[in-house]
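Letters A, B, ... are given to chains in the order of the sequence lines, protein chains preceding strands, and every chain is numbered from 1. The structure displayed is predicted, hence computed values, not measured ones.
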Amino acid sequence: MNYPIWELPTIGGGTLIAIIAVLHVFIAHLAVGGGLFLVLTEMRARKNNDQGLLGYVKSHTQFFLLLTMVFGGITGVGIWFIISLVQPAGTSFLIHNFVFAWATEWVFFIGEIVALLIYHYKFDSMDPKNHVVIGWFYFIFAWLSLFIINGIIDFMLTPGQWAETQNFWQGFFNPSFLPSLIFRTGIALSFAGLFGLVTASFRKDKKLRSRLYKLDTKWLLVPFVLIILSAFWYLAIIPEDASANIMKFNPEVKPFIHLLITATILIFLGGLLFLARIPKGFQRILVFVMVIIGLGWMAGFEYTREIARKPYVVYGYMYSHGVVADSAEKINKEGFLKTAKWSQFKEVNNENVMQTGKELADMQCMACHTLGGHNDLVSRTNHLTERGMEAKLSGLGHISEYMPPFLGTDKEKKALAAYLVRGLNNKEGASQSSEFNAEKEKTVIPEFNEDSDYVLMAWNDLGMHCISDNSDYFSFLPPANTLWAQLIKRGPKPTVVSEGVKIKYEVEEGYKNPGEHVNFWKNAKKTYGVDLKEGIGLAGKGLTGEMNQNTHNTFIAKFIPVTPYKDDGSYNPYPQFKIIAMDKNTGEKLASTKVVAPNSTEMGCKNCHRGDWRVNDISGMADLTAENILKVHDRIEGTELERQAENDNPVLCQQCHGDPAIGVKGKENILNFSTAIHGFHANYLTGMDGDACNMCHPNDPSGNTRCLRGRHSRLGPLDCTTCHGKIEDHALALLKHEEQYGKKRVAKLKNKLVPRSVKSYKDIKPRQPWLQQPDCKSCHTNFDIRNIKKAPLGFNRWVSGSSALYRNRTDTHGVMCAACHGSPHAVYFGKNMYSEDRDNIQPLQYMGFAGTIGVKGNCKVCHTKEMKVNGHHRNMIKKDVIVKQPGPNTVFKSED
Amino acid sequence: MISQIIPSAEALPVNWWWFQVLLIVTFLLHIILMNFILGGSLLSLWDAFRKRTFKQDSMTIPTLIALTINLGVPPLLFLQVIYGNFFYTSSIIMASLWILIIPILILAYYGAYIYVFKNKKTPVFAKTTLTITAVFLLFIAFMLVNNNTLMLRPERWEMYFANQSGWQLNFGEPTLWPRFLHFLTGAIAVAGLGKAIYYHFKKKIPDKDKNAEKTRGLKIFGFATMIQVVIGIWFWLSLPENIWKMFMGGDLFATIWLMLGIAIALFLIYSSTQGKFKTTTFLLVFLLLNMIINREMVRYAYLKDAGDPANLNVSPEYGSLAMFLVVFLIGLGALYYMIKLIIKPKQT
């Protein structure tokens with residue numbers, strides 16, 4: 001950034017430009033069209049020797065001179081003055097590139113002025129024929145100056161070939177030159193009629209007045225044909241993103257588009273009124289109303305054109321704040337403040353965060369925003385937390401190209417976010433977000449009888465199920481935990497038992513009334529299309545019940561509607577279920593164990609979408625948050641979800657966005673849910689690591705869930721991204737899958753995402769959500785334990801399909817992977833923040849320490865003796881594996 | 001530090017001399033007309049209050065304002081081409097005051113029209129508007145002097161950090177007041193001569209009155225120029241040492257050129273008091289050109305180290321220059337033709 005900033009916090013430089021420009025352009029168009037009006041009307045008057053009409057032309061000339069030459073002329077210079085103060089870089093660029101176009105325009109300007117002065121002062125004293133010649137001179141000069149300015153203004157919106165060649169002529173005669181020239185000529189002619197009405201209304205002769213009204217109305221209305229036709233041409237020619245800026249009716253453009261449309265209709269109707277017989281006084285008032293409407297029309301059009309051009313001052317070349325787009329990479333690398341000539345601070349450090357943040361705001365935001373005025377920066381950011389603000393800054397210019405991207409380093413981005421949130425909105429900063437302290441509980445491990453004939457394994461299929469718990473607004477994840485179990489008959493040759501037995505499950509005390517904590521059942525019919533009895537899940541299971549037989553000799557209880565909210569008002573996302581295997585016929589208890597059904601309502605939506613936690617300041621999605629999400633969706637996609645929710649008709653997101661997770665197909669051509677939500681949000685979370693995931697998923701290191709809690713969480717540098725990929729990569733893989741189906745939205749979401757783990761987009765392997773996940777074997781080749789430093793990433797090494805997923809796989813003997821290794825995200829041995837061994841129950845129960853079932857010579861858990869060969873998979877007999885002894889809060893207690 | 005804050009300059013489409021020459025030529029035209037309206041409005045004010053008369057020549061003020069503004073455009077344009085990075089910066093430092101020029105100029109312009117139109121019907125009101133016009137024009141002149149001095153002194157730009165809302169002027173700049181007074185006195189002098197020119201060409205006026213007005217105009221010119229010599233020397237010596245010394249042997253051409261200007265000024269005092277109308281008029285145009293070239297030499301010397309326009313990159317684009325030159329010639333032809341049409345007698 002080259003120039004200092006003129007601080008105009010409340011009014012805003014943009015507003016000043018708008019005021020001066022709209023006034024000028026209003027009069028300037030009149031100055032062109034009025035020229036033709038004067039000379040043609042004079043010719044008619046002279047031809048018919050119509051003294052009344054000639055007198056009118058003369059008096060109109062004086063009015064015209066005083067308005068166009070004084071006010072129009074100086075405000076024209078005024079635009080130049082104001083843009084060089086508010087947008088010096090852009091002005092300098094236009095001056096240097098088009099200096100001789102401006103100089104040529106000046107020649108036309110002086111011709112215009114001299115002609116008009118002669119036309120006015122010599123109205124009576126010149127030879128009439130020559131006077132008419134002067135009139136024509138005036139009009140031609142005036143129109144030629146429009147011709148020149150039009151080229152430069154349109155260049156700013158559609159530079160066309162200039163972008164490649166930097167050729168003056170290609171820039172000047174750019175793609176929108178012609179439609180715009182015709183459009184503006186149409187406006188000019190129409191305004192001639194509009195202002196003709198003004199002077200006409202002051203003529204005393206009634207007959208003359210009504211003749212003049214007819215004449216002026218013709219001038220006012222006939223050019224509308226030209227205006228409307230060229231407007232469509234104009235719209236068709238401007239860049240796609242530019243027309244999206246207008247047509248998407250974004251909040252800034254909306255009032256101006258409405259103004260434009262309303263004013264067009266009113267001018268037309270107002271014009272027709274002049275043809276009717278109405279009282280003189282009313283006509284005179286109407287004239288002035290019409291002039292004001294005309295001004296509003298001009299403001300509507302010019303503002304719409306300006307908005308179309310955003311985020312650029314010269315489309316594709318220079319951003320609204322005056323930074324050349326090509327320099328972004330250099331600025332991001334070296335730092336905005338360091339490269340900005342007029343920054344007082346060159347680097348962000350701990351002491352100057354607010355000052356540097358303010359400098360960044362002044363230089364990058366205030367070219368368009370104000371503080372408290374038009375396009376107010378405070379009210380537009382007050383729904384965001386500091387982290388949300390950072391995300392917002394990361395995503396600027398990604399989804400909607402309406403605003404320029406943030407330019408600068410990560411530190412600078414954080415400083416700007418801190419200033420916007422703490423400085424402008426007086427909110428607490430990110431550093432003050434408090435850590436959730438879980439109330440530590442004891443883990444009671446059921447004792448295992450070494451002589452038992454059976455051993456029971458149970459696990460949860462996902463290791464964490466998230467719940468969107470405010471279905472008054474929308475729902476995409478119901479309370480629905482799925483538990484699995486396998487019963488093994490012990491012996492030298494153990495077998496997996498599925499016949500003649502039944503397996504029951506029962507949630508622990510305190511979780512039995514989920515209907516009191518979430519509004520899922522109230523809205524189930526509207527969102528999921530089924531009437532459900534409170535406490536019963538989507539697959540008909542309650543909080544206690546019997547598991548069903550399943551493939552692979554397993555038992556399953558699908559979609560148990562457990563929630564993390566306990567009846568006493570406390571919160572624990574790890575409710576324990578007692579699992580009991582019984583003889584089907586006799587009811588004799590064969591084996592029992594416990595397992596957690598992890599589920600969380602810690603969705604980080606509020607990090608960006610305003611609002612606090614819904615429940616007891618702990619977790620859950622507040623109304624404000626949910627409402628804000630719908631507002632954003634409605635704004636970007638043109639939906640009416642907020643209104644639907646207000647009318648007590650909340651939606652299931654997957655009704656449109658299909659989702660294998662809940663088995664809903666969605667609508668054709670609309671992105672599946674996972675792709676939509678990751679593809680969209682990845683644009684706001686670029687450059688981050690696991691912290692990007694934690695912004696939304698329940699794995700915030702200071703949060704109330706801390707989902708990643710298995711063995712992998714103990715291995716220092718591992719985080720979500722080690723397996724799933726960085727957020728950009730993760731999103732791109734999903735988007736690429738959807739791209740195969742030609743879904744339109746993909747392009748918009750992927751365009752600004754840069755792959756991080758692979759070189760380019762083409763190296764990314766498409767992935768179907770839920771059904772394709774990273775393959776454990778990409779690190780654990782040969783089922784070996786890998787040195788984390790040497791292990792490849794899980795990203796891009798997807799399993800072939802659902803059956804190959806960890807949660808669906810077995811060994812060669814039909815034992816599920818998860819039976820011995822535990823639930824995904826919580827593979828044995830884990831650490832749980834609520835009680836250390838909550839996720840290690842079965843290893844502790846069967847082996848007395850936490851680790852994979854069977855390690856350290858514990859084949860006897862099933863085999864009743866130590867084994868010497870790798871029976872289930874290669875490399876499984878190891879002595880040197882790390883295991884964990886029970887924690888201090890872990891107690892063993894007999895179940896009987 | 002100072003070189004760090006100077007915005008980088010952009011490439012030119014043709015060699016900088018084109019702009020320098022065009023700047024000098026168009027500024028000459030602008031400054032003559034500017035002198036007519038600024039000095040003219042002050043002299044009209046004097047006439048209106050002191051002599052209680054309305055002079056016919058005041059009628060020309062509104063028209064001349066239109067032309068002055070118009071002719072101010074090209075020099076400002078060419079200045080921005082070769083010194084834009086300096087000029088935009090100084091403008092931003094005084095932005096709020098700088099933009100006030102626009103509404104104030106509009107009011108001054110309308111004020112001039114009111115004075116002309118309403119002088120007979122409501123003289124008190126007309127005089128009031130004339131006063132406002134004159135004061136406003138002085139304000140604009142003062143702003144221009146502030147900006148034009150501030151743009152030359154990047155080392156003073158740090159004042160921006162004390163106040164970024166654009167309400168600062170270049171007070172503390174030693175050349176500010178002498179430069180302003182230099183322009184002001186010059187404006188009165190040239191406007192005096194302008195009156196003489198007006199009455200020289202004025203028809204339908206008794207010879208006696210014509211001669212009296214011409215003599216009076218020349219006298220005003222002569223008297224103001226006498227004062228101007230003193231102010232001019234003050235202005236000269238208020239310049240930084242290396243610059244005023246440039247005109248005193250430091251640079252041969254600059255020294256000869258300035259001395260020539262002083263000699264002409266002294267001669268003009270003589271010729272005007274002797275009533276030599278034509279000699280005075282022609283020599284004055286040359287003197288104004290002389291001073292404008294001095295002004296450009298001073299500006300160049302000030303900014304040579306910070307941004308010598310000779311070092312600016314050129315990415316050649318002669319086609320647009322050719323367009324301008326052709327249109328300029330056609331424009332001149334059209335102006336000539338239109339003026340010829342006025343002179344043509346009316347056929348009835």
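- No side-chain donor-acceptor contact under 3.5 Å links A:Trp162 to the backbone of A:Asn174.
- Taking 4.5 Å as the heavy-atom cut-off, none of the residues of residues 135-153 of chain B approach chain A.
- Between the B:Tyr198 side chain and the B:Thr60 main chain, no donor and acceptor come within less than 3.5 Å of each other.
- A donor-acceptor pair is defined here as one N or O able to donate and one able to accept, closer than 3.5 Å; such a pair exists between the side chain of B:Glu317 and the backbone of B:Ser320.
- Within the 4.5 angstrom heavy-atom criterion, atoms from both the backbone and the side chain of A:Ala115 approach chain B.
- For the residue pair A:Glu42 / A:Tyr119, a side-chain donor-acceptor distance below 3.5 Å is found, with atom types taken as modelled.
- B:Ser315 does not touch chain A: none of its heavy atoms, backbone or side chain, sits under 4.5 Å away.
- Of the residues considered (B:Ile343, B:Leu321, B:Asn85), B:Leu321 shows the highest number of contacts with chain A, using heavy-atom pairs under 4.5 Å.
- The six-membered or imidazole ring of A:Trp342 lies away from that of A:Tyr3, with a centre-to-centre distance of 6.0 Å or more.
- Residue pairs satisfying the salt bridge (charged side-chain N to carboxylate O under 4.0 Å, His left out) criterion with at least one member in residues 6-18 of chain A, sequence neighbours excluded, are listed as follows: A:Glu7-A:Lys358.
- Using a 4.5 Å cut-off between heavy atoms, B:Leu22 contacts chain A through its side chain alone, with no backbone atom that close.
- With A:Thr370 contributing its side chain and A:Met366 its backbone, the two residues share no donor-acceptor pair below 3.5 Å.
- For the set A:Val86, A:Ile95, A:Leu85, the entry with the most heavy-atom pairs within less than 4.5 Å of chain B is A:Leu85.
- Top candidate by heavy-atom pairs under 4.5 Å with chain B, chosen from A:Ala103, A:Gly78, A:Pro9, is A:Ala103.
- Formation of a donor-acceptor pair under 3.5 Å by the A:His321 side chain with backbone atoms of A:Met363 is not found in this model.
- Here A:Phe168 and A:Phe98 bring their ring centres to under 6.0 angstrom of each other.
- Using modelled atom types, one side-chain atom of A:His24 and one backbone atom of A:Gly76 make a donor-acceptor pair closer than 3.5 Å.
- The heavy-atom pair separating A:Ser327 from A:Val324 by the smallest distance is OG-O, 2.6 Å.
- Residue A:Ile113 touches chain B through its side chain alone, counting heavy-atom pairs closer than 4.5 Å.
- Heavy atoms closer than 4.5 Å to chain A are found in the side chain of B:Leu335, but not in its backbone.
- Checked by atom type and distance alone, the side chain of B:Lys118 never pairs as donor or acceptor with a backbone atom of B:Ala126 at under 3.5 Å.
- Between chain B and the options A:Val114, A:Val70, A:Leu66, A:Asn130, the largest number of non-hydrogen pairs under 4.5 Å is found for A:Val70.
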Report the C-alpha separation of A:Met156 and A:Val313 in whole Å, then their side-chain angles, then the decisive distance to 0.1 Å, and conclude whether the side chain to side chain contact (heavy atoms under 4.5 Å, CB included) test is met. CA-CA 6 Å; A:Met156 292 165 77; A:Val313 60; 4.0 Å; yes
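- Listed options A:Leu65, A:Ile74, A:Val77, A:Thr104 were ranked by heavy-atom pairs under 4.5 angstrom with chain B; first place goes to A:Ile74.
- Of the two parts of A:Ile5, the backbone and the side chain both hold a non-hydrogen atom closer than 4.5 Å to a non-hydrogen atom of chain B.
- Interface remark: of the candidates B:Leu71, B:Val81, B:Leu12, B:Val81 forms the most heavy-atom pairs closer than 4.5 Å to chain A.
- In the model, A:Ser145 has a side-chain atom that pairs as donor or acceptor with a side-chain atom of A:Glu112 under 3.5 Å.
- For B:Val326, no part lies near chain A; criterion is any non-hydrogen pair under 4.5 Å.
- For B:Ala9, no part lies under 4.5 angstrom from a heavy atom of chain A.
- When each of A:Trp106, A:Tyr121, A:Trp169 is checked for heavy-atom pairs under 4.5 Å with chain B, A:Trp106 comes out on top.
- For A:Gln87, no part lies near chain B; criterion is any non-hydrogen pair under 4.5 Å.
- A donor-acceptor pair is defined here as one N or O able to donate and one able to accept, closer than 3.5 Å; no such pair exists between the side chain of A:Ser92 and the backbone of A:Pro88.
- Contact of B:Phe117 with chain A is made through the side chain alone, with heavy-atom distances under 4.5 Å.
- Between B:Asp57 and B:Lys202 there is no salt bridge, since none of the side-chain N atoms of the basic residue sits less than 4.0 Å from a carboxylate O of the acidic one.
- Taking the side-chain hydrogen bond (donor to acceptor under 3.5 Å, both in side chains) definition, one finds that B:Ser165 meets it with B:Asn163, sequence neighbours left out.
- Interface residues of residues 134-141 of chain A toward chain B, defined by a heavy-atom distance below 4.5 Å and sorted by number: A:Ile134, A:Phe137, A:Phe141.
- At distances below 3.5 Å, not a single donor-acceptor pair connects side-chain atoms of A:Thr61 with backbone N or O atoms of A:His120.
- Put simply, of A:Trp80, A:Trp102, A:Phe93, the one with the most heavy-atom pairs under 4.5 Å next to chain B is A:Trp80.
- Listed options B:Ile69, B:Leu105, B:Ile101, B:Thr26 were ranked by heavy-atom pairs under 4.5 angstrom with chain A; first place goes to B:Leu105.
- Chain A forms the most heavy-atom pairs under 4.5 Å with one residue out of B:Phe324, B:Tyr113, B:Phe328, and that residue is B:Phe324.
- For B:Ile330, no part sits under 4.5 Å from any heavy atom of chain A, backbone or side chain.
- Counting heavy-atom pairs closer than 4.5 Å to chain A, the top residue among B:Ala322, B:Gly331, B:Ala95, B:Gly319 is B:Ala95.
- Under a 3.5 Å cut-off, the side chain of A:Asn352 and the backbone N or O of A:Glu347 do form a donor-acceptor pair.
- Taking chain A as the reference chain and counting heavy-atom pairs below 4.5 Å, the highest number among B:Pro74, B:Gly84, B:Gly72, B:Ser91 is found for B:Pro74.
- In this structure, chain A has a heavy atom under 4.5 Å from the side chain of B:Tyr337, while its backbone stays farther away.
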Would you sort out whether B:Ser8 and A:Asn2 count as a side-chain hydrogen bond (donor to acceptor under 3.5 Å, both in side chains), showing the intermediate values? CA-CA 7 Å; B:Ser8 35; A:Asn2 235 344; 3.2 Å; yes
When you look at A:Lys330 and A:Glu334, which way does the salt bridge (Lys or Arg N to Asp or Glu O under 4.0 Å) test go after all the steps? CA-CA 6 Å; A:Lys330 180 175 182 267; A:Glu334 292 176 18; 3.6 Å; yes
